Amino acid sequence: MSRKRLFQISRRDMPLVATFIVFLLLYAFGGFSYRNFMTPRVFLNLLTDNAVLGITAVGMTFVIISGGIDLSVGAVISTTAMIVAVLTKAGMNNVFVITIALLFGTTLGFLMGGMIQYFKTPPFIVTLAGMFFARGLGYVLSLGSVPITHPFYTNASSIGIRIGNGKLSMPAMALLAMILIGWFISRRTRFGRNVFAVGGNEQSAILMGLPVTQTKIAVYTFSGFCSAVAGFIYTFYTLSGYGLAAMGLEMEAIASAVIGGTLMTGGYGTILGTLLGTLIQGLIKSIIAFNGQFSVFWIKLFTGGMLLGFILLQKIFVYGTKSRRKKR
Amino acid sequence: MKGRQIPRIAWPLFALGLILLFNLMFTDSFFAITIKDGHLFGSLIDILRRSAPTLIMAVAMTYVIATGGIDISVGSVLAISGSIASLVVWGGNTQYLTSAGSQYYAPMLSIILIPLVASILLGAFNGVMVSFIGLQPFIATLILMTAGRGLAQLLTGGKVLNFRHAGFEFVGRGYLFGLPFPFLLALGVIVLGTAITRLTPMGLYIQAVGGNRSASNFSGVNTRLVLLFVYIFSGFAAGLSGLVMTSDITGADAGFMGLYMELDAILAVVIGGTPMEGGKYNVGGTVIGVLIIQTLTTTILTKGIPTEYTLLVKAIVVVVVLIIQSNKMREVMGKRQGKMMVKGGSAI
């Protein structure tokens with residue numbers, strides 16, 4: 001038993017290795033094609049520019065591992081930024097503003113988790129309603145863009161640690177911190193193990209006496225918290241709140257997790273893979289920006305193609321090991 | 001036991017009835033239908049016209065979800081179809097796009113057929129990914145959703161392609177027998193879907209695949225062809241929907257056309273009582289689901305409520321419908337869980 005499990009784990013880490021190799025190849029391709037691509041600045045900017053996506057994707061990974069999905073994340077990001085903008089404009093205390101902003105996403109996640117678990121309604125539809133609610137709240141707060149002029153936010157975007165010719169910015173630090181927290185929770189806590197168990201087979205998890213209800217609600221709460229943090233970080237870039245911001249980010253976050261090797265059926269996934277999935281999407285954007293000849297529309301095509309490549313790779317890899325197929 | 005069952009369609013009907021009742025009491029002349037310019041005119045007719053693109057999409061989505069799948073690429077397929085249609089109207093030449101408003105008479109048949117064929121091919125791509133390669137439907141269609149949006153934008157070069165074309169404009173704006181033509185197209189798709197699923201064993205196969213794919217495979221159902229069919233049908237419907245929309249707004253905005261429409265379609269299907277696990281479907285429920293969403297939107301508009309509240313109201317209505325539909329609620333109300341009888345074949 002134990003030998004078999006050990007064998008599976010080593011084999012199961014293969015998608016992560018494959019993702020890492022593709023990341024390196026893409027990075028090397030950029031480095032050989034364009035001067036200054038392999039400088040610390042470009043790499044650190046990669047972290048900064050993808051911090052919002054990466055932080056969101058950490059929460060999304062947990063949700064997907066548990067066998068669910070969270071479509072509300074993009075809307076929560078934009079509404080969190082909107083709350084920060086509106087409350088700051090009203091002259092409220094920063095600590096109070098941040099608390100309210102973080103509480104909004106977390107509470108929404110908690111309520112969605114509760115509804116999914118208590119009423120047994122599909123996560124897809126419940127989080128879609130959550131998306132409507134969050135976007136709707138954002139529009140109600142303001143239809144236009146609300147600027148943030150408070151010095152706390154304008155100064156925060158210039159804070160950072162200099163490394164070479166680059167700067168490890170606040171968003172990048174937040175991303176690394178959230179990845180570390182996510183990794184710790186998924187690999188080193190009882191809750192993390194429960195998430196995997198619930199996603200692997202919910203019925204078995206119930207029979208094993210695991211706290212399935214609490215785990216599932218906690219997963220959506222955590223995802224809501226992650227998107228709220230991402231939304232807060234988002235204000236550092238844009239220095240404004242805008243109801244239409246972060247449109248479609250939920251699908252990018254799902255793509256990050258899937259490229260990183262997380263299975264949509266639940267039960268398997270890694271936070272490190274999700275970070276790599278996020279950075280690969282960022283690399284595609286950087287390379288196209290460096291190239292300058294391709295239009296931005298190629299980003300979506302390349303990301304789609306990359307997604308297809310990864311899935312087929314995974315498929316080939318899984319083919320021959322296990323034929324257990326689960327229905328979504 | 002059978003006598004106590006409440007058909008699942010009762011709940012969405014109840015919700016639609018409530019919204020209509022609200023309008024009967026509080027909105028003046030909501031139910032008034034007059035004849036204007038030779039066709040019917042009124043809020044109800046407007047609801048039918050505006051709901052057509054989502055309705056076309058949602059009917060096909062019902063079959064996809066009945067197989068236990070999902071198709072989130074339809075919004076992008078819609079954008080591709082609309083972009084191609086605009087390009088064909090322009091004779092494939094986007095060079096003179098600045099002179100919006102000039103007439104170009106591309107043959108009607110090519111404007112309709114080329115986008116539809118492209119959409120069917122995209123649907124087939126999804127179908128092959130799901131059935132032959134064995135990808136999960138969400139992922140397979142996520143690929144096309146992402147790449148398709150980029151493709152549509154590449155096709156139009158990121159521009160909004162406006163055009164004038166008297167013949168093509170009829171598809172989205174015309175009236176036939178006094179009724180909006182898009183709605184008649186939606187009816188046509190419903191009839192087509194119903195004919196295929198009820199006159200052939202396809203309906204039974206779809207439920208079988210959704211219920212248990214490997215079991216139906218062993219019992220001789222060609223599950224791959226069934227899956228291929230539902231995704232092709234979904235692609236076709238998305239393409240048709242794109243034609244209606246492009247024709248209605250006489251232009252294609254590849255970046256925003258049909259954005260999030262897949263979610264509305266899926267929402268309508270689920271509100272209509274088709275479970276996401278598959279195995280059962282209820283096209284009538286889907287129609288009501290779409291009508292609920294559109295009636296709600298129209299109500300908000302006619303009541304003069306600021307549009308920014310639309311999404312909030314929508315969220316609340318969705319949550320309420322989900323709760324009254326849930327098994328928990330049935331338990332609380334002391335009703336036994338009614339098994340939905342599917343029209344096509346209740347044998348499974």
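Values in this document were obtained by computation on a predicted structure and should not be read as measured data. For the numbers below, each heavy atom of this structure counts, side chains included, while hydrogens, waters and symmetry mates do not.
For chain B, the option among L143(A), T303(A), L141(A) with the highest count of heavy-atom pairs below 4.5 Å is L143(A). With chain A as the partner, the residue from T310(B), V317(B), L263(B), V270(B) showing the most heavy-atom pairs under 4.5 Å is L263(B). Counting heavy-atom pairs closer than 4.5 Å to chain B, the top residue among K120(A), M251(A), R135(A) is M251(A). Looking only at heavy-atom pairs under 4.5 Å with chain A, the residue among M145(B), Q153(B), K314(B) that has the most is Q153(B).
Summarising the geometry of V76(A) relative to S227(A), their closest heavy-atom pair is CG1-CB, 3.8 Å, with the distance given to 0.1 Å. Smallest separation of non-hydrogen atoms from S223(A) and D70(A): OG-OD2, 2.8 Å.
Only the side chain of L128(A) has a heavy atom closer than 4.5 Å to any heavy atom of chain B. Contacts of V318(B) with chain A are made by side-chain atoms alone, with heavy-atom separations under 4.5 Å and no backbone atom involved. Interface residue M115(A): only side-chain heavy atoms are found under 4.5 Å from chain B. Contact annotation for V140(A): both backbone and side-chain heavy atoms come within less than 4.5 Å of a heavy atom of chain B. For I72(B), the part lying under 4.5 angstrom from a heavy atom of chain A is the side chain only.
Between the side chain of E262(B) and the backbone N or O of G75(B) there is at least one donor-acceptor pair closer than 3.5 Å.
By the 6.0 Å contact criterion, CZ on F297(A) is enclosed, its count of non-hydrogen atoms from other residues, nucleotides or ligands being greater than 12.
With ring centers used as reference points, Y281(B) lies under 6.0 Å from Y63(B).
L151(B) contributes atom CG, which lies 7.5 Å from atom CD1 of I84(B) (distance to the nearest 0.5 angstrom).
Using a 4.5 Å cut-off on side-chain heavy atoms (C-beta onward), L322(B) and F119(A) make no contact.
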